[in-house]
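The structure appears below as structure tokens.
Because the structure is a prediction, the values reported are computed rather than measured. Heads up: numbering here begins at 1 and tracks the sequence.
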Amino acid sequence: MALISGKPAPAFSLKDQDNNTVKLSDFSGRKILVYFYPRANTPGCTTQSCEIQEALPDLSAAGVDAVGISPDEPEAQKKFADNYGLTFPLLADTDHAVADSWGTWGEKSMYGNKFMGIIRSAFLIDENGIVIESWYKISPKKTVPTVRKALAG
């Protein structure tokens, strides 16, 4: 079920790479970029996460925080964050319940094999937890430019 602009984003409460509980409500009063990625320490996910890290000063200046969510365990998220100097929360959705509620868990295909997994997606959420924009099947390299364009108006 895809998230629609103007509707509330589903709440979440997940452990980050440091085993801290992070909730969507923690970001009340600020916009937040929530992105879902298939697996820590893989090429596309690394590109996407590093580009978001690089854009963090500009995003923060625009009142936007960022969190990444994948099915990885907190320990894998920690290794990923440490390997690439990622300073924002990387959340562990190990049972993909949050991904289900955000419409980012679905059937994928690789080399003719079908399987269930994360559909790489990004969402811009406003200060009140309302979806501003949603981008399903976004490419790793287009995440930051797409978010910047949405913020510009």
Item to check | ILVMFWY cluster, V64 and V34 together (side-chain gap under 4.5 Å) | outcome: no
Next on the checklist: Please enumerate all residues that pass salt bridge (charged side-chain N to carboxylate O under 4.0 Å, His left out) together with K142, with sequence neighbours excluded.
Outcome noted: none
Checklist entry - Quick check: does any side chain N or O of T42 sit under 3.5 Å from a backbone N or O of A40, one acting as donor and the other as acceptor? => result no
Item to check | Distance-minimising heavy-atom pair for A92 and E73 | outcome: CB-C, 4.0 Å
Checklist entry - Given the rule in the side-chain hydrogen bond (donor to acceptor under 3.5 Å, both in side chains) test, do S70 and Q77 qualify, once you have shown the distances and angles that lead to the verdict? => result CA-CA 9 Å; S70 79; Q77 302 285 33; 2.9 Å; yes
Checklist entry - Which atom names give the shortest non-hydrogen contact between S49 and L86, and what distance separates them? => result O-CD2, 3.7 Å
Checklist entry - Do L59 and V67 share a hydrophobic cluster, counting only Ile, Leu, Val, Met, Phe, Trp and Tyr and linking them when any side-chain heavy atoms are less than 4.5 Å apart? => result no
Next on the checklist: Are L90 and V98 linked, directly or through intermediate hydrophobic residues, by side-chain heavy-atom contacts shorter than 4.5 Å (ILVMFWY only)?
Outcome noted: no
Checklist outcome for this item: Minimal heavy-atom distance between R148 and A55, with the atoms involved, is NH2-CB, 3.6 Å
Next on the checklist: Within the supplied structure, the quantity of interest is the number of heavy atoms (other residues, nucleotides, ligands) at a distance under 6.0 Å from K149 NZ; does it exceed 12?
Outcome noted: no
Item to check | ring pair (Phe, Tyr, Trp, His ring centres under 6.0 Å): pairs with one or both residues in residues 61-83, sequence neighbours excluded | outcome: Y37-F80, F80-Y84
Checklist entry - For A150, which residues count as a side-chain contact (heavy atoms from CB on, under 4.5 Å) partner, sequence neighbours excluded? => result L124, E133, W135
Checklist entry - Who are the salt bridge (charged side-chain N to carboxylate O under 4.0 Å, His left out) partners of E127, not counting sequence neighbours? => result K31
Next on the checklist: Applying a strict under-4.5 Å side-chain criterion to I, L, V, M, F, W and Y, I'd like to know whether L91 and I138 cluster together.
Outcome noted: no
Checklist entry - Sequence neighbours excluded, which residues qualify as side-chain contact (heavy atoms from CB on, under 4.5 Å) partners of A99? => result F36, D93, H96, T104, W105, I118
Checklist entry - Taking only residues at least two apart or on different chains, which pairs with a member in residues 13-22 satisfy side chain to side chain donor-acceptor pair (under 3.5 Å)? => result K15-T21, D18-K78
Checklist entry - Taking atom types as modelled, is there a side-chain donor on E51 or T143 under 3.5 Å from an acceptor on the other? => result no
Checklist outcome for this item: Scanning both residues in full, the closest heavy-atom pair of A9 with W102 reads CB-CH2, 3.7 Å
Checklist entry - At their closest point, which heavy atom of L24 faces which heavy atom of P10, and how far apart are they? => result CD2-O, 3.6 Å
Checklist entry - Should Y35 and F123 be regarded as members of a common hydrophobic cluster, given that ILVMFWY residues are connected when their side-chain heavy atoms come within less than 4.5 Å of each other, either directly or indirectly? => result no
Next on the checklist: Nearest 0.5 angstrom please: S60 OG to D65 CG, how far?
Outcome noted: 6.0 Å
Item to check | K23 backbone acceptor or donor facing D26 side chain under 3.5 Å | outcome: yes
